[in-house]
Amino acid sequence: MHLVVVITPHGYGHAAQVAPVLNALQLQIDALQLTILSTLPEEFLRSRIDGAFNYIHHAADFGLKMKSSLEIDLVFSAETYKVLHANWSSNVNAEYEILACLEPDFILADVPYVTLAAASKLSVPVFAMCSLNWADIYRHYFSTRPEAAGILDEMTEAYQQADIFYCPEPAMPMSWLNNRYQVGPIASKGLNKREAILRSLKLPDKQRLVVVAPGGVSTRLPMKNWPRSAGVSWLVKDATDCKHPDIYEITDVGLNFTDLLASVDLVLGKCGYGTVAECVVNGTPLLYIPRPDWPEEACLLDWMEQHNGCLPIDKNKLVNGDMLDEIEACAQLEVDTVNATGALEIAKGICSRLGITSTK
């Protein structure tokens, strides 16, 4: 069977949600052929998704235009949506042509609504999955614009056309979706390799290890101003041009990100689904940078707090690094872990809809 997967390029969290589902589906369906359409880096996708797949560099949506992982370009985003929907029919038809040429047996989208609108023209099962949807995000930021009503009508109709919209815990309410189906959390489970990290970096046993992960969109934090030789080592994706004796690049450690997250004392970042879910599943506390205007944050933060998994950090403290007390308090949290059941639930649900029986 041929599965076509379309992943929104807005950050890495959408791919982090999809990957465990695809891995579960490959265990349920023999000889599953995968084609993935996304503009996310192919290397990242291959690091998360087991087995072979065909990668096509293509984006059916954009989510939001970002200035950084913490700042939305609202003007550019609104104008881009306006242009997209001014040519709605032609954009849907163009997406349909791409999907039709691939001849899929079924389609999974996280969560580009243009794809769902186009896929409804094909005679194949179509599934959506995500902890959010772009209609609710658009409504939150742009509902007062003169073109908003028409855009929202097209967005909501597209989302309703999926056979099922799987909502992994914790998800936005999305009560208007009549095809939504709640499942458990989706996250990868890592291996704790703390001792190996300490040995490779030649650090003492009591050293605090902090992964700095503000999000998939490039964001530069002023780490050169952060405390030095204070018993804390920072692990970052890119330490270029940052001369600091306690900062190390993640690649220096030689672990995949999930094992790294499971091995450190805490993560410093934002409340995004991928980070939140993986922190709780792996028992790693999150020192989070608040984004009070991000509409998904409330449900993510509420879930994290239920599991004793997070503490906030004032954005101003990121400038001078005055956060050693917060780091120590966060590292002391005992996270109430949960099992990541969502991926298998979705995989089995899709197989049931396809009439596939598996005992795996």
Side-chain angles (χ1 to χ4, degrees), residues 5 12-29 32 47-51 108 110-111 127-132 164-174 180-194 211 213 255-267 269-288 296-311 330-353 356-360:
V5 185
Y12 288 14
H14 299 273
Q17 282 183 3
V18 170
V21 175
L22 299 182
N23 295 339
L25 278 170
Q26 291 182 90
L27 295 176
Q28 301 289 317
I29 303 174
L32 179 64
S47 73
R48 291 278 183 147
I49 299 168
D50 298 338
L108 177 62
D110 187 334
V111 64
F127 305 98
M129 60 166 288
C130 198
S131 57
L132 55 76
I164 300 176
F165 192 125
Y166 290 104
C167 301
E169 180 187 0
M172 294 178 69
M174 297 188 254
R180 74 187 186 282
Y181 188 88
Q182 187 77 36
V183 297
I186 297 176
S188 297
K189 179 72 173 176
L191 298 175
N192 189 331
K193 299 183 178 180
R194 177 185 175 83
V211 168
L255 299 179
N256 65 56
F257 187 80
T258 307
D259 285 348
L260 180 66
L261 181 144
S263 305
V264 299
D265 292 284
L266 63 130
V267 173
K270 65 180 182 181
C271 279
Y273 184 91
T275 301
V276 164
E278 290 196 348
C279 278
V280 171
V281 166
N282 288 283
T284 304
L286 172 65
L287 187 61
Y288 71 92
E296 188 191 18
E297 179 164 285
C299 67
L300 296 177
L301 186 54
D302 180 65
W303 190 71
M304 282 289 283
E305 290 173 343
Q306 288 177 33
H307 294 283
N308 194 40
C310 65
L311 288 175
C330 191
Q332 295 292 335
L333 293 178
E334 295 185 8
V335 182
D336 181 16
T337 60
V338 299
N339 293 324
T341 61
L344 186 56
E345 289 176 57
I346 293 175
K348 288 190 172 183
I350 289 175
C351 287
S352 177
R353 290 294 292 249
I356 297 172
T357 302
S358 174
T359 58
K360 297 179 183 178

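Predicted, not measured: the structure shown is a model, and the values here were computed from it. Numbering starts at 1 and runs along the sequence shown.
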* Asked: Taking the side chain from N282 and the backbone from G190, do they hold a donor-acceptor pair closer than 3.5 Å?
  -> yes

* Residue pair P285 / D265: nearest heavy atoms and the distance that separates them -> CD-O, 3.2 Å

* To do: To the nearest 0.5 angstrom, please state how far the CG atom of L287 sits from the CG atom of L266.
  => 6.0 Å

* Can you tell if the side chain of Y288 reaches within under 4.5 Å of the side chain of M304, non-hydrogen atoms only? -> no

* Asked: Between M174 and C167, what is the shortest heavy-atom contact and its length?
  -> CE-SG, 3.7 Å

* Close side-chain approach of Y12 and R48, heavy atoms under 4.5 Å -> no

* Atom of T341, atom of G184 and distance for their closest heavy-atom approach -> OG1-CA, 3.5 Å

* Asked: Hey, are the side chains of Q26 and I49 touching, using non-hydrogen atoms and a 4.5 Å cut-off?
  -> yes

* To do: Please report the closest heavy-atom contact between W303 and P185, naming both atoms and the distance.
  => CZ2-CG, 3.8 Å

* Structure fact -> Distance col, row L255:CG vs L261:CG, nearest 0.5 angstrom, shows 11.5 Å

* Asked: Atom OG1 of T357 and atom CD of Q28: how far apart are they, to the nearest 0.5 Å?
  -> 10.5 Å

* **Pairwise side-chain contact, M129 with L108, heavy-atom cut-off 4.5 Å (strictly under)** => yes

* **Any Y166 side-chain heavy atom under 4.5 Å of E345 side chain** => no

* Structure fact -> Nearest heavy-atom approach of H14 to V111 is ND1-N, 4.5 Å

* **S131: side-chain hydrogen bond (donor to acceptor under 3.5 Å, both in side chains) partners, not counting sequence neighbours** => Q17, E296

* **salt bridge (charged side-chain N to carboxylate O under 4.0 Å, His left out) involving D259 - partner list, sequence neighbours excluded** => K193

* **Over 12 non-hydrogen atoms of neighbours within 6.0 angstrom of CG in N339** => no

* Structure fact -> Residue set satisfying ring-ring contact (aromatic ring centres under 6.0 Å, His included) with F165, at least two apart, ordered chain then number -> Y159

* Asked: How far does CG of L333 sit from CG of L311, to the nearest 0.5 angstrom?
  -> 4.5 Å

* Got a donor-acceptor contact below 3.5 angstrom from the Y273 side chain to the I186 backbone? -> yes

* Atom CG in L301, atom CD in Q306: separation rounded to 0.5 Å? -> 10.5 Å

* V281 vs H307 side-chain heavy atoms within contact, under 4.5 Å -> no

* To the nearest 0.5 Å, what is the distance between CG (N192) and CG (L260)? -> 10.5 Å

* **Exam field: side chain N308 to backbone D336, donor-acceptor pair closer than 3.5 Å** => no

* Between the side chain of D50 and the main-chain N/O of N23, is any donor-acceptor distance below 3.5 Å? -> no

* Structure fact -> Minimal heavy-atom distance between C271 and V276, with the atoms involved, is CA-CG2, 3.9 Å

